[in-house]
There are 2 protein chains.
Amino acid sequence: MRKPKIQNMEEFAEFSGFSRPTISKYFNDPQSVRSRTRDKIEESLAKCDYRPNIFAINQNRKLTKNVGIVVPYLADPFFAEMARRIETLVIAAGFQPILLSSHGDPALEIDNLASLRSIKPAGVLIAPLGRTSDRAAIEAFCADVPTVSFDANIEVTGEAFVGHNNAQAIEVMLEYLVRSGEPPVFFEMRNPPNPNANKRRNAYIETMELMGHTPHVIQAEGEGWSLEEIGFREGRKALVDKAFATGTIFCSNDRLAIGFLAAAYELGLRVGLSEDCALRVAGHDNHPFSSFTCPTLTTVSHDYEAITARSVKMLLELINKDERSGTGTTILFDGKLIMRASA
Amino acid sequence: MRKPKIQNMEEFAEFSGFSRPTISKYFNDPQSVRSRTRDKIEESLAKCDYRPNIFAINQNRKLTKNVGIVVPYLADPFFAEMARRIETLVIAAGFQPILLSSHGDPALEIDNLASLRSIKPAGVLIAPLGRTSDRAAIEAFCADVPTVSFDANIEVTGEAFVGHNNAQAIEVMLEYLVRSGEPPVFFEMRNPPNPNANKRRNAYIETMELMGHTPHVIQAEGEGWSLEEIGFREGRKALVDKAFATGTIFCSNDRLAIGFLAAAYELGLRVGLSEDCALRVAGHDNHPFSSFTCPTLTTVSHDYEAITARSVKMLLELINKDERSGTGTTILFDGKLIMRASA
DNA sequence: CATTAAAATTTACGCGCGTAAACTTTAGTT
DNA sequence: AACTAAAGTTTACGCGCGTAAATTTTAATG
């Protein structure tokens, strides 16, 4: 009892008893045909599992149903989580997500955009690499394709940016750390791959001064996306050298903090709030693994849900409006303090 | 000084001074045209950054240059790492990777395959969900599209399976654990999402008996892919209940181990090799984060490089042969013991 | 029942490229 | 210079579908 093999829309039209344009209309928008027609089409659809050829669909269409998603490094669980949520939302909106990772490589980032451009996407969501990105190329892309950037704003990307309120998040964490102990030292990379880092450092310095404390910044050497390794190696070095002005370390992100915690553990330094602890460590991002570090990591969470939801919503609006505002809207969502055992 | 806008191959042919079929030939295989022609085409290409329309390219081609990659859960760093390597290899081979995650959902897995089928991929690399997969649907897919499965073999997937030698890996770890201490208890999920788990349990039991020891298996309750959480919650419970027959715990995978280590830490149990440690903990997978746990995790590494390289190589061979062998080749790569601080 | 708007059909063209066949030019050999 | 295979050109058709325009059918209303 094999289902009949339907090769194209012509054959399916015959099979279902409607004309091809009607079938075409149905696939473009099921609501655009009469409900009785819709039911009948779906009934025949169940009997032969035909699917329109994606290439042919998009060949002669003004607007495709493709939405590109470009992230800087998919092997980073933070971006994996963001991508997972965005993909789900895009599917729910009736579009087809196309997920591309730049693997930390600016050339691949541009290549990804070129690939996307050639499939005429309805829109694109991009979290740029940041510092190393080819700004001009990205800007050129945004001029042609409705684009919303998220997570990292490099000041040129698209009609809108939806991201995390680094300044507020840093402030919340600093207030907590100071209130419950002492002003922290800020631990970051000298050359962070992600532009959020600069915002965080500046917010740290500014807020510390506003609170009447002296800012201390320790900058780790190293390039690339092996953040845990850099946090471990450079954190260990700084600990051995007693480079930290206080016993409270505020890491620029959780991955750095995870490496740092490993270094502290290896050196036999207890981390936590209690009296017998030598260090307090806080991170930033609410990384998926931050609940399972030893001790569990006190951090600031991005509003994952709000950021992804709004990014997708804005892109859909942009797609529907079709005329570009050029306003460069920026939307930031506040972070939330996640108090755990490490600080 | 704007580059001229070339809309299609016709225009580019005129721009470069060659005929359209020659240009088409060049894009299909640059080596198929004379080197002088190639140089000239590439020269003009640099002057106008034209790209053939992907949809039109694949519209009327017998074999597309697309290679599908389907993983069960992309937010799992293990699969993110595998996907990253495979993507790079596929690009290097001149194909375009299309990465799809099933997000742990069998329905989405089938949907992903349906999406892939409709773009007529040259081949597909799939790591099936496993237990929850719709075997019949996957089998039907493999009958139509050259498919190589990796990581998890569900006995029906495609012409070839490239994976990790679980039996050997378990044996190596058991030998090490016994030699350097005592026979371990095996800690796993009762309903693991991934079929590798069953192979590992069986290998554990078999090898233990062969070595003359009594196997002890503790099975954690819980469903889904939140393995750290399950490892933490159920590991904690088992520790509190003193359910472990010995002080050496061999976790079925690193993510479970990461959760387990967090539980041990919270309970104040020192983990490691030294005399003052209450527990030894080993994992399996050489998860990207296993170097940064506290203590660092002793584990068995997959041969990531060999598995990904061979998977891609086999798929390319399958694509080129075009006639299907139907042999169902299985290739396993040995694991490597990674000795760290936890056991 | 007549009226009318909505829905479906028919017809026809086009998207950008792959590809095959027949022909012409080019480059490399004797 | 004559020959030959390789490379390039011309011509022509087709892929599977989107889409527009004109026409016919259907369903809803008074």
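First the proteins, then the strands, lettered A, B, ... as listed; each starts at 1.
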Inset, instruction - Output yes when B:Asp29 and B:Lys65 qualify as a salt bridge under the 4.0 Å nitrogen-oxygen rule, no when they do not. - result: no
Inset, instruction - Show your reasoning for whether ring-ring contact (aromatic ring centres under 6.0 Å, His included) applies to B:Phe79 and B:Phe150. - result: CA-CA 11 Å; B:Phe79 289 110; B:Phe150 65 97; 7.4 Å; no
Legend entry - Given C:dG16, C:dT19, C:dT26, the nucleotide with the shortest approach to the side chain of B:Asn28: C:dT19
Inset, instruction - Measure from the side-chain heavy atoms of B:Ile57 and tell me the nearest of C:dC17, D:dC17, D:dG8. - result: C:dC17
Inset, instruction - Under 4.0 Å between any heavy atoms, over every strand shown, what does B:Phe18 touch: base, sugar-phosphate, or nothing? Just pick one. - result: sugar-phosphate
Legend entry - d(CD1, A:Ile54; P, D:dC15) in whole Å: 20 Å
Inset, instruction - Answer yes or no: does a side-chain N or O of B:Tyr50 lie under 4.0 Å from OP1 or OP2 of C:dG16? - result: no
Inset, instruction - Take atom CE of A:Met9 and atom P of C:dT9, then tell me their distance rounded to the nearest Å. - result: 13 Å
Legend entry - Nearest-nucleotide pick for B:Ser19, side chain only, options being D:dG8, C:dT9, D:dT9: D:dT9
Inset, instruction - When you get a sec, tell me which of D:dC17, C:dC15, C:dA8 is the closest nucleotide to the side chain of A:Arg34? - result: C:dA8
Inset, instruction - Measure from CZ on B:Phe12 to P on C:dG16 and round the result to the nearest Å. - result: 16 Å
Legend entry - Sugar-phosphate only, base, or nothing, as touched by B:Tyr26 at under 4.0 Å among non-hydrogen atoms: nothing
Inset, instruction - Just say parallel, tilted or perpendicular for the rings of B:Phe12 and B:Tyr50, cut-offs at 30° and 60°. - result: parallel
Legend entry - 5′-ward residue of the pair B:Arg20/A:Arg36 relative to DNA chain D: B:Arg20
Inset, instruction - Between A:Glu10 and B:Val33, name the one whose nearest nucleotide on DNA chain D is closer to the 5' end. - result: B:Val33
Inset, instruction - Write down the distance between NZ (A:Lys40) and C1' (C:dA7), rounded to a whole number of angstrom. - result: 14 Å
Inset, instruction - Select one nucleotide: of C:dA27, C:dA20, D:dA27, the one nearest the side-chain heavy atoms of B:Pro21. - result: C:dA20
Legend entry - Minimum side-chain heavy-atom gap B:Phe161-B:Leu332 below 4.5 Å: yes
Inset, instruction - Send over the distance from A:Glu14 CD to C:dT10 P, rounded to a whole Å. - result: 12 Å
Inset, instruction - Might you work through the side chain to side chain contact (heavy atoms under 4.5 Å, CB included) test for A:Phe95 and A:Leu315, ending with a clear yes or no? - result: CA-CA 12 Å; A:Phe95 288 79; A:Leu315 185 64; over 6 Å; no
Legend entry - A:Lys25 NZ to C:dT9 C1', straight-line distance once rounded to whole Å: 11 Å
